[in-house]
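Scroll down for the structure; my scribbles are underneath it.
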Amino acid sequence: MTQIPKESVQHSMNMPQLAAEHSLHRMGARPSLWSYLQQVWRRRDFTFTLARYRMQSENERNRLGMLWVLLRPILSALVYGLVFGIILAGARPENFVPFLIIGVFFLEFFNTSMNGGAKSIISNSSLVQSLPFPRMVLPIATVLQNLLNFLPTLLLMFVLTMMWGARPNWGWLLFIPLIFLFYLFNQGVALIFARLTVHVRDLSQFIPFISRMIFYTSGVFFDPRTVLEPYPTLMQIYDWHPLHEVLSIARGILLDEYTIPWDYWWKLALWAVVILVVGIVFFWKAEERYGREN
Amino acid sequence: MGERTEQAQTGQPVVICDNVHVHFKTLATGKRVKPSVASGLLQRGREMRTIHALKGVSFVARANESIGIIGTNGSGKSTLMRTLTGLTPPSQGAVYAKSRPNLLGVGAALIPDLSGGNNIILGGLAMGMDREEIEEQYDEIVEFTGLKDFIDMPMRTYSSGMSARLKFAIATAKQHEILIVDEALSVGDRDFQKKSERRIREIRERAGTVFLVSHSMRSIRDTCNRTIWIEKGDLRADGETDDVVKEYENYR
């Protein structure tokens, strides 16, 4: 057997020292949160291009292409509208069609973000194992891609609600802060699930149930507050449901029959900031582990 | 060995591998066949298996060294290289490096439904180039692939040789200080193989330190002044290429 060169044997006792002497960095070490976020920012062009190209390629595979971005939520609104419109009959909320459309369209953005976030690391494992870049790029690109899909449906939503009597006014500008907060919230959720599924693979099987739970509790096709009316304490707790807050604000802005619950604004803002910060820290804490567990 | 050691001592350490262990955890799929034991429903539970891929590897690589990495299949060469880049974190021990060693490879970042041209941009960005750099080199990359007429077609329509050429051209567009070359990269027909060998040589000359992973002892002998032999996760030998390769060939 060939001798291991003497010098490296000598150094093997104090290699960290040797590394420090020649100012070498430890590979795969998790950078501090601040410099990590700077790295993520430096990769913004990659993040955005990835989101745009993925959206393009996903939609171009079908003959109708980008049209599917609009068709998908319309079709699901149609199904829910038919089913629950008949079941609820007299108990339908006022101005049912736009009520439902707003609910379905907004929920779509949340669901795709949660699902996409959950898959963003585990379904890109070959990419994670072959190229170095801050892994947070992947869940961010996913949510960005969903936002890009969401924006045209938003325009469609405006058109459809106008067909049911809504008239544009300056109040509609409130959609800008609403979408912003909603986006931050979804990003936080995506980051949390991106890491969770790495540790607990089976969670990805469980996610459809979580999204169904959120779908039925957030009041897409009925107003849960009318159900909860006899229970004031429950109602107070329910007022913290983040998706219900988003839907209520959106309906308040667009539809004359509904008013914007102003306390929902700060509750939603609190949700968005807390979930985003928790998501960022939680995701970053496992940065060096994303390549290993597979 | 004297000459190399002397040279090595003058060169600055650029990569230090300090007692690196790597464990992989996988859910073991498929049951081991045990005919004597009745297989009941209760035994279906899948256990976590731990694979000890690297068992304490240490070495110091210095500036301007060309280091060959050899070993039989599954000996841990690729794991070691991924650990050097920081892609696979060591479970014990550490790797220190002057700058991040780069693996020559970009395939996983590309999207088959996109055109070759869009993939050049995406792949370049994924490797950490900025847009101007990519645009500057775009024509050169296209020229090198020899796919000018197909560059606007989706990559999924390419033959495997064509997409391999595209991947190679993108991967080699970037400047590297510490470079890891997996020889399996040289692909395509004979013309392209020659072209890519030349390209790898150029990159190797430009890069400060090169690790070459190869099963071809000829190319190891041609290009490496030092060779490391990994076997079953252990560092079997580290030294003069001639000595290590001779020993490896006897072992095989």
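A, B, ... follow the sequence lines: proteins, then strands. Residue 1 opens every chain. All values reported here derive from a predicted model rather than from experimental measurement.
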Which pairs of donor and acceptor atoms, one on a side chain in residues 104-111 of chain A, lie under 3.5 Å apart (sequence neighbours left out)?
none

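Ranked by heavy-atom pairs under 4.5 Å with chain B, the first of E21(A), M27(A), R42(A) is M27(A). Per-residue counts of heavy-atom pairs under 4.5 Å with chain A were compared for V15(B), T85(B), V14(B), L103(B); the largest is that of V14(B). For the options A126(B), P154(B), G128(B), heavy-atom pairs under 4.5 Å to chain A are most numerous at A126(B).
Residues R289(A) and P89(B) form no side-chain contact, since every pair of their non-hydrogen atoms from C-beta on lies 4.5 Å or further apart. By the 4.5 Å heavy-atom criterion applied to side chains, S75(B) and K232(B) are not counted as neighbours.
Other residues, nucleotides and ligands contribute at most 12 non-hydrogen atoms within 6.0 Å of the NZ atom of K119(A).
Every residue two or more places apart in sequence or in another chain that forms a ring pair (Phe, Tyr, Trp, His ring centres under 6.0 Å) with Y248(B) is listed here: W229(B). Partners of A19(A) according to the side-chain contact (heavy atoms from CB on, under 4.5 Å) rule, which considers only residues two or more places apart in sequence or in another chain, are L24(A), I16(B), Y96(B).
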Before giving the answer on ring pair (Phe, Tyr, Trp, His ring centres under 6.0 Å), spell out for Y80(A) and F215(A) the whole-Å C-alpha distance, their side-chain angles and the decisive distance to 0.1 Å.
CA-CA 11 Å; Y80(A) 293 122; F215(A) 182 86; 4.7 Å; yes

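At a heavy-atom cut-off of under 4.5 Å, chain B is reached by D45(A), F46(A), T49(A), L50(A), Y53(A), R54(A) from residues 44-55 of chain A, listed in order of number.
Interface remark: I228(B) contributes no atoms to any contact with chain A (heavy atom separation under 4.5 Å). For R43(A), the part lying near chain B is the side chain, with the backbone staying farther off; criterion is any non-hydrogen pair under 4.5 Å. Within the 4.5 angstrom heavy-atom criterion, no atom of M129(B) approaches chain A.
A salt bridge between E65(B) and R226(B) is present, with a side-chain N of the basic residue lying under 4.0 Å from a carboxylate O of the acidic one.
Atom CG of L181(A) sits about 11.0 Å away from atom CZ of F185(A), to the nearest 0.5 Å.
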